[in-house]
Protein chains: 2
Amino acid sequence: MKEKELRRSLAVLPIGTVMKLANLSARQIRYYEEQDLIHPERNAGNRRMFSLNDVDRLLEIKDYLADGINMAGIKEIYAQQQQKAAQQAADLARPLTDNDVRRILHDEFLNISGFKAKNGPEFPTH
Amino acid sequence: MKEKELRRSLAVLPIGTVMKLANLSARQIRYYEEQDLIHPERNAGNRRMFSLNDVDRLLEIKDYLADGINMAGIKEIYAQQQQKAAQQAADLARPLTDNDVRRILHDEFLNISGFKAKNGPEFPTH
DNA sequence: AAATGATGTAATATTTTCTTACATGAATGA
DNA sequence: TCATTCATGTAAGAAAATATTACATCATTT
């Protein structure tokens, strides 16, 4: 369902709409952007334009704040999520080559025989 | 999927966004509203706010116009659609009563025996 | 040719949003 | 406790978006 993702990431909402949907003040929304928690686009006239994904994230941020997590904490949460996503993307980007397979088998044998491979595999192993 | 319908009918888009999504001028959009082909909501400051359904309809209108159908024609098309929808809603609103069933059976017998019922059933028959 | 239909354009008012700056109350840390 | 920091409110002034109204235009219909 690629089209759905596209729809949800389309920046079509002005800040006034987002304020109502997320029940946040313009000040709060702009502050969260300043803190790099969201990254709304800008239209030709420099107005912020938000996507449905942005709204979802704002609602998430609200929840985290309600749970007593502060900006720094939320920032870290998203940093880790993005870290994980980047890793998965990298994994997907390069499927296993025959050479990878040989190296994996080689490392496996080293492990079994009690030796330690110098570097963990930087490709998907499952 | 009631929530989806709700989402699609939420008036969240300003006219500037709609202009881009439907590739129509503000003049055209306002004119179609004047012709009662769309009915965007208004926010507290009197700005038109459109739903995704509104955008869909605008794209439909564009197609009809491209096919050479004029405002009057499009208006009629929507009038008939709304007519049909109203009828279906009415049908759904009143489920069959025991009495309806008896009348249907009665009419069926009349038909079989070559007679004609005075009035067609005004309730769903399937 | 005159009228109508669909759209463009201009003028002016109002609303929305932007940035920047300062204020504030709660929580934190020295 | 006193000074900071954090998260948010508020105000001011500028710029952008939108509203309404009126007139222009070009094609089609009558």
* Can you pull the salt bridge (Lys or Arg N to Asp or Glu O under 4.0 Å) pairs that have at least one residue in residues 64-86 of chain A, sequence neighbours excluded? ->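 Sorted pair list comes back empty.
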* **Residue-phosphate contact under 4.0 Å: A:Tyr32 side-chain N/O, D:dA7 OP1/OP2** =>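 For D:dA7, neither OP1 nor OP2 has a side-chain N or O of A:Tyr32 closer than 4.0 Å.
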* Asked: Any side-chain N or O of B:Tyr31 less than 4.0 Å from the OP1 or OP2 oxygen of C:dT7?
  -> no
* Ion pair A:Glu3/A:Arg7, N-O distance below 4.0 Å ->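 Here A:Glu3 pairs with A:Arg7 in a salt bridge, since their nearest N and O are under 4.0 Å apart.
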* Counting distance only, does the side-chain N/O of B:Glu5 pair as donor-acceptor with the main-chain N or O of B:Lys2 below 3.5 Å? -> no
* Structure fact -> Here the residues of residues 59-77 of chain A within 4.0 Å heavy-atom distance, strictly under, of DNA chain C are none
* **cation_pi(B:Arg57, B:Phe50) dist<6.0 Å, angle<=45** =>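 Ring-cation test returns no.
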* Could you encode protein contacts along nucleotides 16-30 of chain C as a string, one character per nucleotide from 5' to 3', using B for base contact, S for sugar-phosphate-only contact and - for no contact, with a heavy-atom cut-off of under 4.0 Å? => SBBB-----------
Taking salt bridge (Lys or Arg N to Asp or Glu O under 4.0 Å) as the test, write out the residues that go with [X], two or more places apart.
{"X": "B:Asp36", "answer": "none"}
{"X": "B:Arg48", "answer": "B:Glu33"}
{"X": "B:Arg27", "answer": "none"}

* Take the protein atom CD1 of B:Ile29 and the nucleotide atom C1' of C:dA6, then report the distance between them rounded to whole Å. => 14 Å
For [X], give me all partners under side chain to side chain donor-acceptor pair (under 3.5 Å), at least two apart in sequence or on another chain.
{"X": "B:Ser51", "result": "B:Asp54"}
{"X": "A:Tyr64", "result": "none"}
{"X": "B:Glu41", "result": "none"}
{"X": "A:Gln88", "result": "none"}

* For A:Ile29 and A:Ile38, work out which heavy atoms get closest and say how close. => O-CD1, 3.7 Å
* **End axis versus end axis in the helix from C:dA1-D:dT30 to C:dA30-D:dT1, the angle rounded to 10°, five pairs used at each terminus** =>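 The end-segment axes of the helix from C:dA1-D:dT30 to C:dA30-D:dT1 are tilted 20° relative to each other.
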* Using a distance-only test with no angle check, is there a side-chain donor-acceptor pair under 3.5 angstrom linking A:Tyr78 and A:Glu60? ->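 Short answer, yes.
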Atom pairs, protein N/O to nucleotides 25-30 of chain D N/O, distance under 3.5 Å:
none

